[in-house]
Amino acid sequence: MTWNYKNEIGCGALSGYDEGLSQFGKEVVSEMNRLNMIVDVSHLNEKGFWDVCEKSEKPFIASHSNSFAICPHPRNLKDRQIKAMAEKNSKIGINIYPVFVDGEKGRVENIIRHIDHIMNIAGDESIGIGCDFDGIGFCPDGIENITKVGIIYNEVNRIWGKETADKVFYDNMYGFFKSVTE
């Protein structure tokens, strides 16, 4: 819908504007629904998020977002938003960008804190991985590229078991993309 700033569709999370989607943006959401395109709220400001939540007749995605309660960055989702996404069968992809994880080094234990917090609100069906390797300025220590994401998988597997790890790392998003685009 947007990147971090304001465009013809709406206002991004870092735009400094309080308004959400424009009238044109609301029409875009309706047209995306009609075309079976997935609406991504990751870069929208909070008002824009709620506009999508109200306007979209289909589940949507925050493809690379984390929990504001764990790391209070404007790009992260507040608990009310996480709950609303779960109620709409929408999905949240955990972002590993250190700025959104802990504001520091993006430690694996803090990535796990985001996963745990979101699952406690929305369940293990609402979450996936949305690393954002192509959009981040630096990576967490030890997770320099996609070949290292298994470190996070192994930790999720250790804490919650293989079934949950498989849901978070594959099944939830695969099922979501398959069902929403049909």
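The structure presented is a predicted model; accordingly, all values stated were derived computationally and were not measured.
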Q: Would you indicate whether Glu163, at its atom CD, is surrounded by more than 12 heavy atoms from other residues, nucleotides or ligands within a distance under 6.0 Å?
A: no
(Q) Ignoring hydrogens, what is the shortest heavy-atom contact between Ser56 and Asn33? Give both atom names and the distance. (A) OG-ND2, 3.2 Å
Q | Pairs where residues 136-146 contributes a residue and the test side chain to side chain donor-acceptor pair (under 3.5 Å) is met, not counting sequence neighbours | A | Asn145-Thr147
Q: Starting at CG of Asn45, measure out to CE of Met1 and round the result to the nearest 0.5 Å.
A: 11.5 Å
(Q) Under the rule for side chain to side chain donor-acceptor pair (under 3.5 Å), what residues qualify as partners of Glu46, not counting sequence neighbours? (A) Trp50, Lys78
Q: Compare every heavy atom of Trp160 with every heavy atom of Asp116, then report the nearest pair and how far apart it is.
A: OD1-CZ2, 3.3 Å
Q | Interatomic spacing from CG in Asp171 to NZ in Lys178 - rounded to 0.5 Å | A | 11.5 Å
Q.
Please give me the minimum heavy-atom distance between Phe176 and Ser90, naming the atom from each residue.
A. CE1-CA, 4.4 Å
Q: Could I get the full list of ring pair (Phe, Tyr, Trp, His ring centres under 6.0 Å) partners for His73, not counting sequence neighbours?
A: Phe100
Q | Shortest non-hydrogen contact from His114 toward Ser67 | A | ND1-N, 3.0 Å
Q: Could you list the residues that satisfy ring pair (Phe, Tyr, Trp, His ring centres under 6.0 Å) with Tyr174, not counting sequence neighbours?
A: Tyr170
Q | Qualifying salt bridge (charged side-chain N to carboxylate O under 4.0 Å, His left out) pairs, either residue in residues 59-74, two or more places apart | A | none
**Q.** Contacts of type ring pair (Phe, Tyr, Trp, His ring centres under 6.0 Å), residue Phe138, not counting sequence neighbours
**A.** Tyr97
Q: State the SG-CD1 distance between Cys139 and Ile96, to the nearest 0.5 angstrom.
A: 5.5 Å
Q | Spacing of Ile9 atom CD1 and Leu21 atom CG [to the nearest 0.5 Å] | A | 8.5 Å
Q: Using the side-chain contact (heavy atoms from CB on, under 4.5 Å) rule, pick out the option among Ile92, Asp79, Leu77 that qualifies with Ile121.
A: Asp79
Q: Mind checking side-chain contact (heavy atoms from CB on, under 4.5 Å) for Glu31 and listing every partner two or more places apart, or none if nothing turns up?
A: Arg34, Leu35
Q: With sequence neighbours excluded, tell me which residues meet salt bridge (charged side-chain N to carboxylate O under 4.0 Å, His left out) with Glu54.
A: none
(Q) Any salt bridge linking Glu87 with Lys83? Criterion: basic side-chain nitrogen under 4.0 Å from a carboxylate oxygen. (A) yes
Q. Taking only residues two or more places apart in sequence or in another chain, which ones pass side-chain contact (heavy atoms from CB on, under 4.5 Å) with Asp40?
A. Ser42, Ile61, Ser63, His64
Q. What are the two closest non-hydrogen atoms of Ile118 and Ile94, and how far apart are they?
A. CD1-CD1, 3.6 Å
Q: Enter the distance from Asn172:CG to Ile127:CD1 here, rounded to the nearest 0.5 Å.
A: 8.5 Å
**Q.** Atom pair CD1/NE2 of Ile82 and His117 - distance to nearest 0.5 Å
**A.** 5.0 Å
Q: Find out whether Arg75 and Ser65 are in side-chain contact, i.e. whether some heavy atom of one side chain is under 4.5 Å from a heavy atom of the other.
A: yes
Q.
Under the rule for ring pair (Phe, Tyr, Trp, His ring centres under 6.0 Å), what residues qualify as partners of Phe68, not counting sequence neighbours?
A. none
Q) Under 4.5 Å between any side-chain heavy atoms of Cys53 and Lys88, yes or no? A) yes
**Q.** Contacts of Asn4 that satisfy side chain to side chain donor-acceptor pair (under 3.5 Å) - sequence neighbours left out
**A.** His43
Q: Please report the closest heavy-atom contact between Pro59 and Asn89, naming both atoms and the distance.
A: CB-O, 3.4 Å
(Q) Per the salt bridge (charged side-chain N to carboxylate O under 4.0 Å, His left out) rule, what does the pair list look like for residues 6-16, sequence neighbours excluded? (A) Lys6-Glu19
Q: Please examine the side chains of Val29 and Phe60, heavy atoms only from C-beta on, and report whether any two atoms are closer than 4.5 Å.
A: no
